[in-house]
Visitor: 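Dumping the structure here so I can ask a few things about it.
Numbers for residues simply follow the sequence, beginning at 1.
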Amino acid sequence: QVQLVESGGGLVQAEGSLRLSCTASGRPFSTYAMGWFRQAPGKEREFEAAISRSGGSTFYAPSVKGRFTISRDNAKNTVYLQMNSLKPEDTAVYYCAASAKTGYTSTAVRRDDYAYWGQGTQVTVST
């Protein structure tokens, strides 16, 4: 089992940047593929980005591709989401998640692939 804690959310103006962090504790971090999801008010929780256990493979939702970058530091048990060129429609609670279902070089993109979730961090983008 793994525990996840997100940080780095906040209020930013449109076209600004934020970096979210998610630190894991429990089982070895490299055991898990990691992902970032977000949930806006009144909407379903949606996939945004994923990274393999090795860190060598990544995958992005079309809405964030080219603006967001997911990365991980297995020595620090941390996954990051660098968010650039933020838009008001990026406003949401952002969640990191861990999946033990994938191979070492594979990403997980379905919500059902993830068994462990953080508590979420609010990102608000103003106009």
Side-chain angles (χ1 to χ4, degrees):
Q1 196 164 356
V2 63
Q3 293 78 43
L4 305 172
V5 179
E6 301 100 334
S7 61
L11 174 64
V12 63
Q13 289 188 328
E15 296 303 315
S17 298
L18 278 176
R19 187 176 81 156
L20 305 183
S21 300
C22 172
T23 301
S25 60
R27 287 183 60 190
F29 186 58
S30 60
T31 301
Y32 300 96
M34 300 298 295
W36 286 95
F37 291 71
R38 70 186 182 190
Q39 188 168 17
K43 295 190 175 181
E44 297 276 327
R45 191 172 300 187
E46 298 178 335
F47 166 81
E48 301 304 327
I51 190 165
S52 63
R53 291 164 57 192
S54 69
S57 299
T58 57
F59 189 82
Y60 298 93
S63 59
V64 304
K65 191 172 184 180
R67 300 189 298 124
F68 291 11
T69 302
I70 188 171
S71 61
R72 67 189 293 161
D73 185 337
N74 285 348
K76 294 183 178 180
N77 294 346
T78 302
V79 62
Y80 305 97
L81 187 68
Q82 177 67 45
M83 305 186 294
N84 298 329
S85 302
L86 283 160
K87 306 174 182 180
E89 51 265 43
D90 294 319
T91 295
V93 177
Y94 283 70
Y95 298 89
C96 73
S99 171
K101 288 188 174 182
T102 66
Y104 191 61
T105 59
S106 301
T107 54
V109 299
R110 297 183 309 151
R111 184 175 170 178
D112 288 348
D113 289 333
Y114 291 89
Y116 305 103
W117 296 83
Q119 83 288 350
T121 186
Q122 176 71 46
V123 172
T124 303
V125 184
S126 64
T127 56

Visitor: Can you name the residues that form a side chain to side chain donor-acceptor pair (under 3.5 Å) with Ser17, not counting sequence neighbours?
Guide: Asn84

Visitor: Per the disulfide (SG to SG under 2.5 Å) rule, what does the pair list look like for residues 45-81, sequence neighbours excluded?
Guide: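 Of all non-adjacent pairs touching residues 45-81, none passes disulfide (SG to SG under 2.5 Å).
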
Visitor: How would you list all residue pairs meeting disulfide (SG to SG under 2.5 Å) that involve residues 15-98, not counting sequence neighbours?
Guide: Cys22-Cys96

Visitor: Show your reasoning for whether side-chain contact (heavy atoms from CB on, under 4.5 Å) applies to Val5 and Gln3.
Guide: CA-CA 7 Å; Val5 179; Gln3 293 78 43; 5.8 Å; no

Visitor: With ILVMFWY side chains joined below 4.5 Å, transitively, what does Val12's cluster contain besides itself?
Guide: Val2, Leu4, Leu18, Leu20, Phe29, Tyr32, Met34, Trp36, Ile51, Tyr60, Val64, Phe68, Ile70, Val79, Leu81, Met83, Leu86, Tyr94, Tyr116, Val123, Val125

Visitor: So, Asp73 side chain and Tyr80 main chain: donor-acceptor pair closer than 3.5 Å or not?
Guide: no

Visitor: I'd like to check the side-chain contact (heavy atoms from CB on, under 4.5 Å) partners of Ala115; sequence neighbours left out, ordered by chain and number.
Guide: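 Scan of Ala115 (side-chain contact (heavy atoms from CB on, under 4.5 Å), adjacent residues dropped) gives none.
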
Visitor: Looking at residues at least two apart in the chain, or sitting in another chain, which of them share a side chain to side chain donor-acceptor pair (under 3.5 Å) with Asp90?
Guide: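 Testing Asp90 for side chain to side chain donor-acceptor pair (under 3.5 Å), a comparison that skips the adjacent residues, returns Arg38, Arg67.
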
Visitor: Kindly write out the residues that satisfy side chain to side chain donor-acceptor pair (under 3.5 Å) with Glu46, not counting sequence neighbours, or none if the list is empty.
Guide: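 Side chain to side chain donor-acceptor pair (under 3.5 Å) list for Glu46, sorted by chain: empty.
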
Visitor: For residues 97-109, pull every pair meeting side-chain hydrogen bond (donor to acceptor under 3.5 Å, both in side chains), keeping only residues two or more places apart or in separate chains.
Guide: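 Pairs touching residues 97-109 that pass the test: none.
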
Visitor: The criterion is salt bridge (charged side-chain N to carboxylate O under 4.0 Å, His left out); which residues satisfy it with Arg27, sequence neighbours excluded?
Guide: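 Arg27: no salt bridge (charged side-chain N to carboxylate O under 4.0 Å, His left out) contacts found.
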
Visitor: Phe37: what forms a ring-ring contact (aromatic ring centres under 6.0 Å, His included) with it, not counting sequence neighbours?
Guide: Phe47, Tyr114, Trp117

Visitor: Tell me, please, which residues at least two apart from Ser126 pass side-chain contact (heavy atoms from CB on, under 4.5 Å).
Guide: Leu11, Gln13

Visitor: Mind listing the closest non-hydrogen atom pair of Lys76 and Thr78 along with its distance?
Guide: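 Minimum heavy-atom contact is O-OG1, 2.8 Å.
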
Visitor: Please name the pair of heavy atoms, one in Arg53 and one in Arg72, separated by the smallest distance, quoted to 0.1 Å.
Guide: CA-NH1, 3.4 Å

Visitor: Got a sec, which residues hit side chain to side chain donor-acceptor pair (under 3.5 Å) with Ser54, two or more places apart in sequence or on another chain?
Guide: Ser52

Visitor: Grab the two heavy atoms, one from Glu48 and one from Ser63, that are nearest each other, plus how far apart they are.
Guide: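 Scanning both residues completely, I find the closest heavy atoms to be OE1-OG, 3.5 Å.
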
Visitor: Return yes if some donor-acceptor pair links the side-chain N/O of Gln39 with the main-chain N/O of Ala92 below 3.5 Å, else return no.
Guide: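 No, Gln39 side chain to Ala92 backbone: no donor-acceptor pair under 3.5 Å.
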
